[in-house]
Amino acid sequence: MSSDHYFSPAPGTELRTRTITVELGGAEREVTTANNVFSPGHIDGGTEVLIKYAPAPPATGDFLDLGCGWGPISLHLALASPDATVWAVDVNERALDLVRTNAAALGLTNIRAVQPADVPADIRFRTIWSNPPIRVGKDELHNLMTTWLPRLESEADAWLVVQRNLGSDSLQRWLEGELSDEYAVSREAISKGFRVLLVSRD
Ligand SMILES: C[S@@+](CC[C@H](N)C(=O)[O-])C[C@H]1O[C@@H](n2cnc3c(N)ncnc32)[C@H](O)[C@@H]1O
């Protein structure tokens, strides 16, 4: 795998930032993106589908945006729930810097952009939202699911968006087979080639 892929921990290429205008929280906002982060030119189609079809997040609690990139999901959650704390997690340090920049530019103080290992171990999440990194391969994707989904609070939900062509159905089947009876998995929306999966914990 190339060391300057978008999910590399420290993209090795020169930083080229850009400003784009996107719709988030019901308004047009200017955000900063950069080369070597996921979808730098616009909000990814899958992320748009997730934001459109998932319900409004809870008002409070700790939320997880697993694989935050430059932060569209984190920014959406933080704007929707100013009293919640959004943990924006990524292995790409450049992406984390962009989330911090974007949160500050939008006046948001409720986002913590950190490496996965830097989320305190005792935190449990009121909700998890993710456009997960499918291209890391099935083993790593499954590892991410079994690492983070058990950190949902009881009676809490995870919302995942996956492109059908990139294996949404196989991920759904794997989740149904792998997760204990405490969890229910369902497909909540189909749009533009993406599937929105809901994982609910009892
Ligand atoms: C499909 S992109 C989604 C990015 C962003 N949420 C969005 O909607 O534009 C998946 C992200 O997961 C990140 N990622 C890859 N491996 C990861 C890991 N082990 N833990 C956390 N994030 C990871 C990638 O760097 C990438 O930013």
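Whatever order the structure lists them in is the order used to number ligands and atoms, beginning at 1. The structure presented is a predicted model; accordingly, all values stated were derived computationally and were not measured.
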Nearest to [atom], what protein heavy atom do you find, and at what distance?
atom	result
atom 24 (C) of ligand 1	F7 CB, 3.3 Å
atom 9 (O) of ligand 1	F38 CD2, 3.3 Å
atom 25 (O) of ligand 1	D90 OD1, 2.7 Å
atom 11 (C) of ligand 1	G67 O, 3.5 Å
atom 8 (O) of ligand 1	T47 OG1, 2.5 Å
atom 1 (C) of ligand 1	N131 O, 3.3 Å

Taking only non-hydrogen atoms of P116, do any sit less than 4.0 angstrom from ligand 1?
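Yes.
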In terms of hydrophobic clusters joined by side-chain contacts under 4.5 Å, are [X] and [Y] together?
X	Y	result
V136	L96	no
I190	F194	no
I123	W148	yes

What atoms in ligand 1 come closer than 4.0 Å to a heavy atom of [X]?
X	value
C68	4 (C), 5 (C), 6 (N)
E140	19 (N)
P133	10 (C), 12 (O), 14 (N), 15 (C), 16 (N)
P72	7 (C), 8 (O), 9 (O)
V91	14 (N), 15 (C), 16 (N), 17 (C), 18 (C), 19 (N), 20 (N), 22 (N), 23 (C)
L144	18 (C), 19 (N), 20 (N)
P132	1 (C)
G69	4 (C), 5 (C), 27 (O)

What I want to find out is whether R187 reaches D169 closely enough, with some N-O distance under 4.0 Å, to be called a salt bridge.
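Salt bridge flag = yes for D169 with R187.
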Going by an N to O cut-off under 4.0 Å, is there a salt bridge joining R201 and E182?
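Result for this pair is yes, salt bridge flagged.
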Is D122 atom CG crowded by more than 12 heavy atoms from other residues, nucleotides or ligands, each under 6.0 Å away?
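For D122, atom CG is crowded (more than 12 foreign heavy atoms under 6.0 Å).
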Of all residues at least two apart in sequence or in a different chain, which pass the salt bridge (charged side-chain N to carboxylate O under 4.0 Å, His left out) check with R151?
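Residues passing salt bridge (charged side-chain N to carboxylate O under 4.0 Å, His left out) with R151: none at all.
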Close side-chain approach of E14 to N35, heavy-atom, < 4.5 Å
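Not touching, per the 4.5 Å side-chain cut-off.
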Does the side chain of P57 reach to within under 4.5 Å of the side chain of R126, using non-hydrogen atoms?
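In short, these two side chains do not touch, never coming nearer than 4.5 Å.
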Run the numbers on E93 and R100 for salt bridge (charged side-chain N to carboxylate O under 4.0 Å, His left out), then give the verdict.
CA-CA 11 Å; E93 200 57 52; R100 293 180 195 115; 3.7 Å; yes
Would you say ligand 1 has an N or O under 3.5 Å from any N or O of W70?
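There is no such contact.
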